[in-house]
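What follows is a set of notes on a single structure, which appears directly below.
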Amino acid sequence: MAFDINLKIETKYDFSGKVFSILITGISSVYLARVLTQYDYGLYQKLLFLSIIISQLLKFNFEKGLFYFYHRFYDKKSIYVVNAYSALFLISITFIVLGLSLTTIINRYIDNDLHKYVIPIIFLISLNIFQGSFAKLFVIERKAIWSMYYKIGFSLLRTLIIILAVIKFEIVYAVIIVLIIVEIIKSIFTFIYLKKMHNYNIVKLRKDIIRDMLKYNIWVAISGVLGKVGQSMDKIILLALVSTSDFAIYAIGFIQIPLLSNFYNSIGDVSLTKFSHLSSSGIQNQKALNLYKTMLSINALITFPIICFGFFYIENIILLFFGKQYITSANIFIITNLTTLIQMTGFGYIIRGYGNTRPLLLSNTIRLILGIILGYIFINHFGIIGAAISYTTVYFLNGVILLHYSLKIIRVPFLMILPWKSMSKMLLISLLSLFIVYPLKYFNLDLLYHIPMAAALYTLTICTLYTTFDLINVDIIKKIFFKNK
């Protein structure tokens, strides 16, 4: 396949940063799950979930809107960057003021032993609002290598301090304080970078720019709020209906396959800038279709083998990293990671790249309504398994709706957009390759050796068959990884 080399080079750096970042932070997650009690780990996951979901809801899509404005109005790129982050800073400060003024009221509705977490979580949310997605700016600026260094550097810092804090104190409160310290350091870095590269000054806030960004963001922001709430409705309902220990089991199982989620985001963010460029040059349906097929082909190339191997070995992986107490998380993992089959289509990038964001409101409204209805019904009857089923069902329906509208924008029928032949080969190869690693189960190897050996053998088999059936080109791979141009 003749994939776009520049797209792959940019994706390589951003993807590498995300992969190493998730692996590094994964060390702290595994350590916490091993050291803390199941209740304490569940409490940590609850607090982390609340801080992430609230901060995401309050960003109003300002930082993601730069994917559209930065390249469409390149001569005014710094103006848009300054205004986007000034708006986020003001939202952040407002949240602190309101949050601190409401602490007494909040404490009335939570257990006494949780009162000490209220103020730290308020500050953690505020810091996340301002710079939680700052690494995306490097991708927008086509400095993906900077994004890689940023993610890896701060992930190392975060993991190291968390482990030291748990060794010293062994309490969840210490971990939350560590997260705040890391976010403060990241915020300082953000201010310095914006000042140096874009002459950042909050007094440069312009009503006309904010109005333009809000006009673009309004549908994305409103639908984003609905979408985030709908996407997280399983966890929101679980907070009220299941024990903290069950929430810990669900959190372990809900871990998305790191390589896939981060790969999709990397190639999607890079593709988004190209879709935006195509939209600014007039409707170029054929070029958009070619770019989309490139993105989907690359995604499928990675998706099928990782899903097949991951599902086959998930129980062993959970036993190795988290222990027997979390073995029931395997079913949650399989059900929720089925969403990768629709996620790999990148169903929302064409819509965002072309600035036609109104379908997001419709799809996310449906997502929210179905999330509430299905989530409540399934969780009431099936507990955490029901939460996984409702999440996956709603995710698939949302993806199908957005994919439908994306295809309408570039005027292409569904059957023409998928590379059916190559994807069929990828899936068949991924499934058949499992027969190569299956005999390893009879050698009674320790899991610490068994899983890496199986992964290496499976990867070698996949690469050999991919090359044999012309699904990958060795010369192109060499260009990607050993040339900078």
Straight-line distance of Ile373 CD1 to Leu368 CG, nearest 0.5 Å = 9.5 Å

request  = Could you tell me the separation between the CG atom of Leu457 and the OG atom of Ser433, rounded to the nearest 0.5 Å?
outcome  = 9.0 Å

inquiry  = Counting C-beta onward and ignoring hydrogens, is there a side-chain heavy-atom pair between Phe469 and Ser422 closer than 4.5 Å?
reply    = no

request  = For side-chain contact (heavy atoms from CB on, under 4.5 Å), just list the numbers for Ile334 and Ile314, CA-CA rounded to whole Å, side-chain angles, deciding distance to a tenth of an Å, and then say yes or no.
outcome  = CA-CA 8 Å; Ile334 292 173; Ile314 185 56; 4.0 Å; yes

ask   = So do the side chains of Cys463 and Thr459 get within less than 4.5 Å of each other, counting heavy atoms only?
value = yes

request  = Nearest 0.5 Å please: distance from the OG1 atom of Thr393 over to the CG atom of Leu338.
outcome  = 10.0 Å

key: Under 3.5 Å donor-acceptor, Thr392 side chain and Ile389 backbone   = no

inquiry  = Looking at Tyr200, I want to see if its OH is surrounded by more than 12 non-hydrogen atoms of other residues, nucleotides or ligands under 6.0 Å.
reply    = yes

inquiry  = Could you tell me if the side chain of Lys143 sits less than 4.5 Å from the side chain of Met148, heavy atoms only?
reply    = no

message = Is it the case that over 12 heavy atoms from other parts of the model lie below 6.0 angstrom from the CD atom of Glu141?
response = yes

note = What one should report as the nearest heavy-atom pair of Lys151 and Ser155 is O-OG, 2.6 Å

ask   = Can the positive tip of Lys186 be found less than 6.0 Å from the middle of the six-membered ring of Phe134, inside 45° of the ring normal?
value = no

query = Is there side-chain contact between Leu296 and Lys293, with at least one heavy-atom pair below 4.5 Å?
reply = no

request  = Say whether, by atom type as modelled, one donor and one acceptor occur between the side chain of Ser51 and the main chain of Leu48 under 3.5 angstrom.
outcome  = yes

Sub-6.0 Å ring centroid separation between Phe191 and Phe130 = yes

task = Kindly determine whether Ile302 and Tyr264 satisfy side-chain contact (heavy atoms from CB on, under 4.5 Å), including the steps that lead there.
result = CA-CA 10 Å; Ile302 301 296; Tyr264 297 150; over 6 Å; no

message = I want to check something: taking the side chain as every heavy atom from C-beta on, are Tyr85 and Leu137 in contact at a cut-off of under 4.5 Å?
response = yes

inquiry  = Which heavy atom of Phe304 sits nearest to which heavy atom of Leu427, and what is that distance?
reply    = CD1-N, 3.7 Å

remark   = In short, Ser329 meets Ile249 closest at the heavy-atom pair OG-O, 2.7 Å

key: Main-chain N/O of Ile377 paired with His381 side-chain donor or acceptor, under 3.5 Å   = yes

inquiry  = Surrounding NZ of Lys195 (heavy atoms of other residues, nucleotides or ligands, distance under 6.0 Å), is the total greater than 12?
reply    = yes

key: Interatomic distance, Ile210 atom CD1 to Tyr80 atom OH [nearest 0.5 angstrom]   = 10.0 Å

Check against side-chain contact (heavy atoms from CB on, under 4.5 Å), Ile185 and Phe154 = CA-CA 9 Å; Ile185 296 172; Phe154 280 109; 3.8 Å; yes

message = Treating Asn398 as the side-chain partner and Val394 as the backbone partner, does any N or O pair qualify as donor plus acceptor under 3.5 Å?
response = no

ask   = Between Leu239 and Leu50, is any pair of side-chain heavy atoms under 4.5 Å apart?
value = yes

key: Under 3.5 Å: donor-acceptor pair, side chain of Tyr326, backbone of Tyr250   = no

note = Only one of Phe312, Phe311, Tyr313 passes side-chain contact (heavy atoms from CB on, under 4.5 Å) with Phe309, and that residue is Tyr313

request  = Check step by step if side-chain hydrogen bond (donor to acceptor under 3.5 Å, both in side chains) holds for Ser390 and Tyr376.
outcome  = CA-CA 9 Å; Ser390 66; Tyr376 183 78; over 6 Å; no

inquiry  = Whether the side chain of Asn83 engages the backbone of Arg206 through a donor-acceptor N/O pair (distance < 3.5 Å, no angle test) should be reported.
reply    = yes

ask   = Do Ile307 and Leu341 come within less than 4.5 Å of each other through their side chains, counting heavy atoms only?
value = yes

inquiry  = What's the separation between atom NZ in Lys59 and atom CD1 in Ile91, rounded to the nearest 0.5 Å?
reply    = 10.5 Å

ask   = For the residue pair Ser430 and Cys308, what are the closest heavy atoms and their distance?
value = CB-SG, 3.8 Å

task = Using ring-ring contact (aromatic ring centres under 6.0 Å, His included) as the criterion, point out the one residue from Tyr193, Phe20, Phe189 that pairs with Tyr150.
result = Phe189

inquiry  = Determine whether Leu179 and Ile162 satisfy the following criterion, side-chain contact (heavy atoms from CB on, under 4.5 Å), listing intermediate values before the conclusion.
reply    = CA-CA 8 Å; Leu179 294 178; Ile162 284 178; 3.9 Å; yes

ask   = Just by distance, do the side chain of Thr25 and the backbone of Ile22 share a donor-acceptor pair under 3.5 Å?
value = yes

ask   = Under 4.5 Å between any side-chain heavy atoms of Ile384 and Phe247, yes or no?
value = no

ask   = Distance from Ile462 atom CD1 to Ile436 atom CD1, nearest 0.5 Å?
value = 10.0 Å

query = Minimum heavy-atom separation for Met295 to Thr345, with atom names?
reply = CE-O, 3.9 Å

key: Nearest atoms (heavy-atom pairs only) where Tyr391 meets Gln231   = CD1-O, 3.4 Å

